[in-house]
Amino acid sequence: MHDGTASSAPVRLSALAHGGGCGCKLAPSVLQQLLADQPPSSPFARLLVGTETGDDAAVWQLDDGTCVIATTDFFMPMVDDPFDFGRIAAANAISDIYAMGGRPLMALAILGMPVGKIPLDTVREILRGGAAICAEAGIPVAGGHSIDCPEPVYGLAVTGTCQTAALRRNRDAKPGDALILTKGLGVGIYSAAFKKGALSNGAYAELIASTTLLNRIGMDLAQNPAVHAITDVTGFGLLGHGLEMARGSAAKITLRTGDLPVFAHAKNLVRQGFVTGASERNWDSYAGEVVLPAEFPKWRRQILTDPQTSGGLLIACAADHAPGLLQTIVEAGYEAARIIGTVEAGVPEIEVLV
């Protein structure tokens with residue numbers, strides 16, 4: 001079993017945090033309450049994407065053909081190896097740019113560390129991991145900010161750009177579209193098992209391979225007019241981010257559980273009780289907008305609410321283009337990608353089919 005130890009980390013990073021990865025995110029219902037009284041962004045005509053539909057990043061139109069994309073994402077460790085932690089956090093943050101159809105330009109590091117509890121060499125490894133992923137994305141870490149913090153925190157603020165015609169929101173799915181998911185589900189389940197020393201070395205390798213795989217395919221997909229909407233699946237789980245797409249698009253989404261890509265050991269681990277607290281908070285936040293089959297097992301539902309860290313892209317595209325797009329995605333290195341459902345006219349909700 002992977003016990004979380006690493007030669008460069010004399011203390012378990014995950015043990016210093018009350019939560020880890022995107023499982024740290026506030027529950028969707030809490031976030032909605034916090035944003036309810038915020039001033040509207042409508043006076044800013046060039047702000048093409050703000051907080052209205054819970055999209056992945058803010059987008060500002062520079063001129064008739066070019067947009068600037070800005071995002072930030074940071075969290076506490078979900079693994080103990082500091083280099084892996086840095087890589088996961090960086091890939092997760094950069095994903096927001098790709099999910100909007102953009103190209104990342106540069107990043108700023110966000111660092112909070114419990115000074116005196118973590119050796120400086122460990123912190124350097126976190127930063128080195130983040131820089132390694134940024135280099136893979138072809139961008140610099142151009143600066144940042146650090147504070148003394150009770151729990152270890154790391155992430156990035158990322159700036160990108162895209163052509164206005166290539167901008168992809170989460171709100172433009174159309175009835176008749178097919179849905180594609182590019183990565184397997186189960187990050188939160190694996191994280192829960194890892195924290196309790198119950199994750200095998202092979203499963204840990206699967207976790208790292210998925211969470212450090214950049215979602216750069218979003219850049220290419222956004223050039224295709226058959227791709228109507230894109231979002232990335234992170235802390236709110238597949239149901240939560242699917243619902244954001246359904247609400248924004250004023251449409252119903254149907255998911256076929258038999259077609260979902262799932263990590264190799266996730267079903268076995270979740271049935272053993274390895275579930276994050278965020279999974280249940282997610283369900284409590286949006287259960288009223290999800291239709292489950294009769295006698296649907298709780299463990300299956302927990303896969304759908306499982307918080308993903310650096311998860312895959314959820315793509316709504318014209319149904320007749322879906323097989324070809326799926327082949328393109330798989331050939332680009334996203335071997336877990338699957339067509340998982342459809343978009344239909346109707347009340348915004350998600351219906352889950354077996």
Side-chain angles (χ1 to χ4, degrees), residues 9 13-14 16-27 31 34 51 54-58 69-100 102 104-115 117-118 120 122-160 183 187-188 191 207-208 210-216 218 231-236 241 276 278 307-313:
L13 286 177
S14 61
L16 296 175
H18 73 277
C22 286
C24 298
K25 290 175 70 169
L26 295 175
L31 186 60
L34 291 175
T51 62
D55 220 324
D56 298 296
I69 308 171
T71 187
T72 183
D73 213 318
F74 52 90
F75 45 66
M76 292 167 282
M78 54 186 282
V79 296
D80 294 328
D81 185 291
F83 185 72
D84 285 347
F85 172 41
R87 293 165 69 210
I88 293 168
N92 181 74
I94 297 170
S95 177
D96 288 342
I97 303 295
Y98 293 134
M100 304 303 298
L105 296 177
M106 67 175 181
L108 303 175
I110 300 166
L111 181 69
M113 287 293 141
V115 176
K117 292 184 179 179
I118 297 180
L120 290 180
T122 298
V123 180
R124 288 192 193 98
E125 280 296 289
I126 295 171
L127 295 174
R128 190 172 73 88
I133 286 293
C134 286
E136 190 178 329
I139 65 173
V141 181
H145 185 65
S146 59
I147 62 169
D148 185 356
C149 188
E151 297 179 287
V153 173
Y154 176 69
L156 300 175
V158 190
T159 303
K183 290 186 184 181
V187 176
S191 299
L207 172 69
I208 299 303
S210 181
T211 54
T212 59
L213 177 62
L214 287 167
N215 280 325
R216 66 170 82 243
T231 192
D232 63 352
V233 177
T234 55
F236 299 157
H241 294 285
T276 68
Q308 305 304 290
T309 302
S310 192
L313 298 178

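Keep in mind the model is a prediction, meaning the values are calculated, not measured. Sequence positions, counted from 1, serve as the residue numbers for this chain.
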side-chain contact (heavy atoms from CB on, under 4.5 Å) for Cys134 and Leu156? Distances and angles first, verdict last. CA-CA 10 Å; Cys134 286; Leu156 300 175; 3.7 Å; yes

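- Contact detail for Ala89 and Gly155: the closest heavy-atom pair is CB-CA, 4.4 Å.
- For the pair Asp81 and Phe83, the tightest heavy-atom approach, listed with the atom from each and the gap, is OD1-N, 3.0 Å.
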Walk me through it: do Ile208 and Arg87 pass the test side-chain contact (heavy atoms from CB on, under 4.5 Å)? CA-CA 9 Å; Ile208 299 303; Arg87 293 165 69 210; 3.7 Å; yes

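- With sequence neighbours left out, the side chain to side chain contact (heavy atoms under 4.5 Å, CB included) criterion links Thr71 to Ala57, Asp96, Ile97, Val158.
- No side-chain heavy atom of Val141 sits under 4.5 Å from any side-chain heavy atom of Leu127.
- Within the structure, the salt bridge (charged side-chain N to carboxylate O under 4.0 Å, His left out) test picks out no pair touching residues 137-149 (sequence neighbours left out).
- In this structure, OH in Tyr98 is found 10.5 Å from CG in Leu313, a value given to the nearest 0.5 Å.
- Under the side chain to side chain contact (heavy atoms under 4.5 Å, CB included) criterion, Leu108 pairs with Ala142, Ala157, not counting sequence neighbours.
- With sequence neighbours left out, Thr231 forms a side chain to side chain donor-acceptor pair (under 3.5 Å) with Asp56.
- Residues meeting the salt bridge (charged side-chain N to carboxylate O under 4.0 Å, His left out) test with Asp232, sequence neighbours left out: none.
- Between the Ser191 side chain and the Val187 main chain, a donor and an acceptor come within less than 3.5 Å of each other.
- With Thr211 as the partner, the side-chain contact (heavy atoms from CB on, under 4.5 Å) test is satisfied by one option alone out of Asn92, Asp84, Ile88: Ile88.
- In this structure, Phe85 CZ and Thr122 OG1 are separated by 12.0 Å, a value rounded to the nearest 0.5 Å.
- In this structure, Glu151 CD and Ile118 CD1 are separated by 10.5 Å, a value rounded to the nearest 0.5 Å.
- A donor-acceptor distance shorter than 3.5 angstrom exists from the side chain of Lys183 to the backbone of Ser310, with no hydrogens or angles considered.
- Counting heavy atoms from C-beta outward, Pro152 and Ile126 have side chains that stay 4.5 Å or more apart.
- Residues Ser95 and Asn215 approach most closely at OG-ND2, 2.8 Å, considering heavy atoms.
- A side-chain hydrogen bond (donor to acceptor under 3.5 Å, both in side chains) check over residues 126-145, counting only residues at least two apart or in different chains, returns the pairs Glu125-Arg128.
- Relative ring orientation between Phe236 and His241 is described as parallel, the plane-to-plane angle staying below 30° on a 0-90° scale split at 30° and 60°.
- With a 4.5 Å cut-off on side-chain heavy atoms, Pro77 and Tyr154 do not count as touching.
- Between atom SG of residue Cys149 and atom CD1 of residue Ile110 there is a gap of 12.0 Å, rounded to the nearest 0.5 Å.
- Thr159 places none of its side-chain heavy atoms less than 4.5 Å from the side chain of Ile139.
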